[in-house]
Amino acid sequence: MDKSMLGDLDNLPEEDKVRMSTMIDQLQIRDSLRMYNSLVERCFNDCVDSFRRKTLDKQEETCVRRCAEKFLKHSMRVGMRFAELNQGAATQD
């Protein structure tokens with residue numbers, strides 16, 4: 001976890017800091033898993049049409065790859081934009 005996230009918690013007892021740090025770590029893991037599951041479900045539903053074989057055919061594989069790339073690029077862009085907005089809000093204070 002990024003320790004700068006705990007900047008406003010400096011006046012808390014050490015036990016509470018550790019508890020907050022653990023909670024934040026758990027939330028980050030949960031959010032990462034949620035994003036991964038969303039990616040898998042969306043790309044699978046959009047790209048896989050039939051279950052003719054155990055493996056994906058070339059068209060399905062290409063579709064899944066493009067879908068995942070778009071999803072990850074979008075997520076990165078949203079994260080960067082959020083960081084920009086967060087930075088702007090912090091400098092206004």
Side-chain angles (χ1 to χ4, degrees):
M1 184 196 71
D2 185 6
K3 298 301 178 195
S4 66
M5 294 175 72
L6 296 176
D8 293 337
L9 305 176
D10 286 337
N11 55 351
L12 288 177
E14 194 60 36
E15 181 181 319
D16 290 342
K17 286 182 193 178
V18 170
R19 220 178 336 201
M20 288 298 293
S21 177
T22 301
M23 286 175 53
I24 290 170
D25 287 343
Q26 289 172 348
L27 289 172
Q28 288 176 335
I29 290 169
R30 186 195 68 197
D31 288 344
S32 295
L33 289 173
R34 205 177 270 165
M35 184 178 87
Y36 175 78
N37 288 334
S38 174
L39 165 68
V40 169
E41 184 176 355
R42 177 179 295 162
C43 293
F44 181 84
N45 289 336
D46 288 350
C47 297
V48 179
D49 298 324
S50 66
F51 296 94
R52 295 176 293 230
R53 303 179 227 168
K54 288 182 178 181
T55 60
L56 298 175
D57 63 28
K58 188 69 174 167
Q59 182 180 0
E60 290 171 334
E61 188 175 331
T62 301
C63 179
V64 168
R65 184 175 292 117
R66 285 184 184 150
C67 178
E69 286 173 359
K70 284 181 183 179
F71 187 90
L72 294 173
K73 284 179 182 177
H74 172 76
S75 296
M76 286 174 38
R77 178 64 184 131
V78 168
M80 288 174 23
R81 184 67 179 135
F82 181 73
E84 290 169 4
L85 292 172
N86 212 14
Q87 181 78 20
T91 57
Q92 289 178 354
D93 291 339

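Position 1 is the first residue of the sequence, and the numbers go up from there. Just so it is clear, the model here is predicted, and its values are computed rather than measured.
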Check whether any side-chain N or O of S21 sits under 3.5 Å from a backbone N or O of K17 as a donor-acceptor pair, and report yes or no.
-> no
Any chance the SGs on C67 and C43 are under 2.5 Å from each other?
-> yes
Determine, stepwise, if the pair R77 / R81 fulfils side chain to side chain contact (heavy atoms under 4.5 Å, CB included).
-> CA-CA 6 Å; R77 178 64 184 131; R81 184 67 179 135; 4.3 Å; yes
Indicate if F44 and L56 have the same hydrophobic cluster label, given that clusters are the connected sets of ILVMFWY residues with side-chain heavy-atom separations under 4.5 angstrom.
-> yes
According to a 4.5 Å side-chain heavy-atom criterion applied to Ile, Leu, Val, Met, Phe, Trp and Tyr, with indirect links allowed, do L39 and M35 form part of one hydrophobic cluster?
-> yes
Inspect the surroundings of CD in Q87 and state if more than 12 heavy atoms from other residues, nucleotides or ligands are less than 6.0 Å away.
-> no
NZ/NE/NH1/NH2 to OD/OE distance under 4.0 Å, E61 and R65 | yes
Are R34 and N37 close enough that some pair of their side-chain heavy atoms sits under 4.5 Å apart?
-> no
Kindly indicate, with the supporting measurements, whether the criterion side chain to side chain contact (heavy atoms under 4.5 Å, CB included) is fulfilled by Q26 and T22.
-> CA-CA 6 Å; Q26 289 172 348; T22 301; 3.9 Å; yes
Atom OG of S32 and atom CG of L27: how far apart are they, to the nearest 0.5 Å?
-> 10.5 Å
Determine, stepwise, if the pair R42 / D46 fulfils side chain to side chain contact (heavy atoms under 4.5 Å, CB included).
-> CA-CA 6 Å; R42 177 179 295 162; D46 288 350; 3.7 Å; yes
Between R52 and S50, a side-chain donor and acceptor under 3.5 Å | yes
Polar side-chain atom of E60 near backbone of D57 as donor-acceptor pair, under 3.5 Å = yes
